[in-house]
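FYI, side chains are in, hydrogens and waters are out, and symmetry mates aren't considered; it's all heavy atoms of this structure.
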Amino acid sequence: MVVTIKKGEGKKEIEAAIKRLNKNRPSKPSLVDFYGKLKGKFGDGLKYQKELRN
């Protein structure tokens, strides 16, 4: 998306343009969204790593 800021526009117009940019941006998933999802599959993480190494 392109936002054109014309010469002489005020602070309010620029802030409104920035808000429009942020409003249309899809949010990216973060680690918090996936934390604890695989809890039952692997059990204890350290134990699972040791099994993989051996």
Please name all residues satisfying side-chain contact (heavy atoms from CB on, under 4.5 Å) with A16, sequence neighbours left out, ordered by chain then number.
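Not a single residue meets the side-chain contact (heavy atoms from CB on, under 4.5 Å) criterion with A16.
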
Residues that L52 engages under side-chain contact (heavy atoms from CB on, under 4.5 Å), provided they are two or more places apart:
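Partners of L52 by the side-chain contact (heavy atoms from CB on, under 4.5 Å) criterion, ordered by chain and then number, come out as Y48.
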
Tell me every residue that passes side-chain hydrogen bond (donor to acceptor under 3.5 Å, both in side chains) with E13, counting only those two or more places apart in sequence or in another chain.
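Not a single residue meets the side-chain hydrogen bond (donor to acceptor under 3.5 Å, both in side chains) criterion with E13.
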
Separation of K19 NZ from I14 CD1 (nearest 0.5 Å)
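Going from the CD1 atom of I14 to the NZ atom of K19 covers 13.5 Å.
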
